[in-house]
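Any value given below was found using the heavy atoms of this structure, including those in side chains, with hydrogens, waters and symmetry copies removed.
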Amino acid sequence: MKAQTEQRTGLLYGFGAYGMWGLVPLFWPLLKPSGAIEILAHRMVWSLAVVGVALLAMRRWGWIRELLRQPRKLALTTLAASVISVNWGLYIWAVNNGAVVEASLGYFTNPLVTIAIGVLVLGERLRRAQWAAVGIGVAAVLVLAIGYGRPPWISLVLAFSFAAYGLIKKKLNMGGVESLAAETALLFLPALGYLLWLGAQGRSTFALDDPGHSWLLAATGLVTAIPLICFGAAAIRVPLSTLGLLQYLAPVFQFGLGVVYFHEAMPPERWAGFSLVWVALALLTWDALRTARRSRARLAEAGAIAATAATATTAASEAAVAAEAAEVAGTAEVAGAVHGAPEPPAAAVTPAREPA
């Protein structure tokens, strides 16, 4: 019962995380007239403030000393911070420049790019269904390139940068809150320096006559941190396969907002390209679920075999002990017959009673 409650809670956290990431295109236009780089700088500065409060509440500080003692890990964290900055900045620019649909395509294709990086960088072997999905994804990019009249650069950069970020995070193996704190701490001084420079140039939109705008810029820290915290809470409560399915919520919401709310154009060739991407994702999801089901079946079979072997071993041990005991008893009986066993005392012998 407790496990079911935990899983239900994890699903709610997962829906919350991916739902917020899916609806975030509604937030960035509110920050105009701020430019994408200024918004990104505010996001870095205020995210560190929010995450710092979270770490203070959780009292997690030991990882800082450990990180500083490992130059390789610190270098990877710096690389992760640089890559995610590109991802964040381009996404904000895309949303505020009428490219929400193309940005959503980047997150639709991200699983396919992640698989490709796994093959090229980690030397992983793909199953036939995965090869087919990657092939369909490449065809989709070609169709979309024809439709746009150019390669879908926004989608490709978003997909590759986020996939590279995931690869680096896998090598880092740090908690979500801790890694975000480390990345934003590394970016804090450059971001703060840029904001101070903007202010000195008289080009900053922070602290204008409208205090509401300043509060919205400060809220970028919450917009960044809250979904990540929800994601971390979901990741420890639901299976990875479920989390993999939930990740499609964000680009679905983004695509819907781009078409329905922002009224972005969707000519037939774009529908064709997106349809191919969705077919590839459906194939990838089917293969992942089938593989997970087979893995669970093999695990259950291995567990049953192990249990049977353990039972047989226990039975054999008990039989061996019984045989040894019988052998000892037989040896004692033979020894008594040879050397003469003492008779029981007379008082211990009870005479048989005559029937009445």
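At least one donor-acceptor pair under 3.5 Å links the side chain of Gln130 to the backbone N or O of Arg127.
Rounding to the nearest 0.5 Å gives a distance of 5.0 Å between CG of Leu74 and CG of Leu67. Here CD of Glu183 is found 10.0 Å from CG of Leu79. Values are rounded to the nearest 0.5 Å. Once rounded to the nearest 0.5 Å, the distance linking CZ of Arg237 with CG of Leu12 reads 10.5 Å. Between atom CG of residue Leu105 and atom CD of residue Gln254 there is a gap of 11.0 Å, rounded to the nearest 0.5 Å. The structure places CZ of Arg150 at 10.0 Å from CG of Leu144, a figure rounded to the nearest 0.5 Å. With rounding to the nearest 0.5 Å, the separation of CG in Leu257 from OG in Ser104 is 9.5 Å.
Using a 4.5 Å cut-off on side-chain heavy atoms (C-beta onward), Glu264 and Glu102 make no contact. Contact of the Phe206 side chain with the Leu195 side chain is not registered, since no non-hydrogen atoms from C-beta on lie closer than 4.5 Å. For the pair Thr220 and Ser47, the minimum side-chain heavy-atom distance is 4.5 Å or more.
Considering all non-hydrogen atoms of both residues, Met44 and Ser85 come closest at CE-OG, 3.2 Å. In plain terms, the two heavy atoms of Thr109 and Gly106 that are nearest each other are OG1-O, 3.1 Å. Smallest separation of non-hydrogen atoms from Ala234 and Gly10: CB-O, 3.4 Å. Minimum heavy-atom separation, Ala164 to Val83: CB-CG1, 4.4 Å. The heavy-atom pair separating Val50 from Ala225 by the smallest distance is CG1-CB, 3.5 Å. When all heavy atoms are compared, the tightest approach of Ala145 to Pro151 is CB-CA, 3.9 Å.
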Side-chain donor-acceptor contacts of residues 22-42 below 3.5 Å, not counting sequence neighbours, with atom names and distances?
{"from": "Lys32", "atom 1": "NZ", "to": "Asn96", "atom 2": "O", "distance (Å)": "3.4"}
{"from": "Ser34", "atom 1": "OG", "to": "Leu31", "atom 2": "O", "distance (Å)": "3.1"}
{"from": "Ser34", "atom 1": "OG", "to": "Thr205", "atom 2": "OG1", "distance (Å)": "2.4"}
{"from": "Ser34", "atom 1": "OG", "to": "His213", "atom 2": "NE2", "distance (Å)": "3.0"}
{"from": "Glu38", "atom 1": "OE1", "to": "Thr205", "atom 2": "OG1", "distance (Å)": "3.2"}
{"from": "Glu38", "atom 1": "OE2", "to": "Thr205", "atom 2": "N", "distance (Å)": "3.0"}
{"from": "Glu38", "atom 1": "OE2", "to": "Thr205", "atom 2": "OG1", "distance (Å)": "2.9"}
{"from": "His42", "atom 1": "ND1", "to": "Trp46", "atom 2": "NE1", "distance (Å)": "3.2"}

Can you give me every donor-acceptor pair (side chain of residues 265-284, partner residue at least two apart or in another chain, under 3.5 Å) with its distance?
{"from": "Arg270", "atom 1": "NH1", "to": "Ala265", "atom 2": "O", "distance (Å)": "2.9"}
{"from": "Trp271", "atom 1": "NE1", "to": "Met266", "atom 2": "O", "distance (Å)": "3.1"}
{"from": "Ser275", "atom 1": "OG", "to": "Trp271", "atom 2": "O", "distance (Å)": "2.6"}

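Within a 6.0 Å radius of CH2 in Trp197, other residues, nucleotides and ligands contribute more than 12 heavy atoms. For Tyr165, the OH atom counts as densely surrounded, since its 6.0 Å shell holds more than 12 non-hydrogen atoms of other residues, nucleotides or ligands. Heavy-atom neighbours of Arg128 CZ from other residues, nucleotides or ligands within 6.0 Å: at or below the threshold of 12.
Hydrophobic clustering of Ile, Leu, Val, Met, Phe, Trp and Tyr side chains at less than 4.5 Å, counting indirect connections, keeps Val223 apart from Leu48. Ile226 is not connected to Leu217 by any chain of hydrophobic side-chain contacts under 4.5 Å among Ile, Leu, Val, Met, Phe, Trp and Tyr, and they are in different clusters. No continuous path of ILVMFWY side-chain contacts below 4.5 Å connects Ile84 to Met20, so the two sit in separate hydrophobic clusters. When hydrophobic clusters are built by joining Ile, Leu, Val, Met, Phe, Trp and Tyr residues whose side-chain heavy atoms come closer than 4.5 Å, directly or via intermediates, Leu68 is grouped together with Val51. The cluster map of Ile, Leu, Val, Met, Phe, Trp and Tyr, joined by side-chain heavy atoms under 4.5 Å apart, puts Leu180 and Tyr13 in different clusters.
The only member of Phe253, Tyr91, Trp21, Tyr248 that meets ring-ring contact (aromatic ring centres under 6.0 Å, His included) when paired with Tyr107 is Tyr91.
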* Test log, rule side-chain hydrogen bond (donor to acceptor under 3.5 Å, both in side chains), inputs Arg43 and Thr224 -> CA-CA 7 Å; Arg43 187 176 189 179; Thr224 302; 2.6 Å; yes
* Going through the distances and angles, do Trp93 and Ile154 end up as a side-chain contact (heavy atoms from CB on, under 4.5 Å)? -> CA-CA 10 Å; Trp93 181 89; Ile154 294 173; 3.8 Å; yes
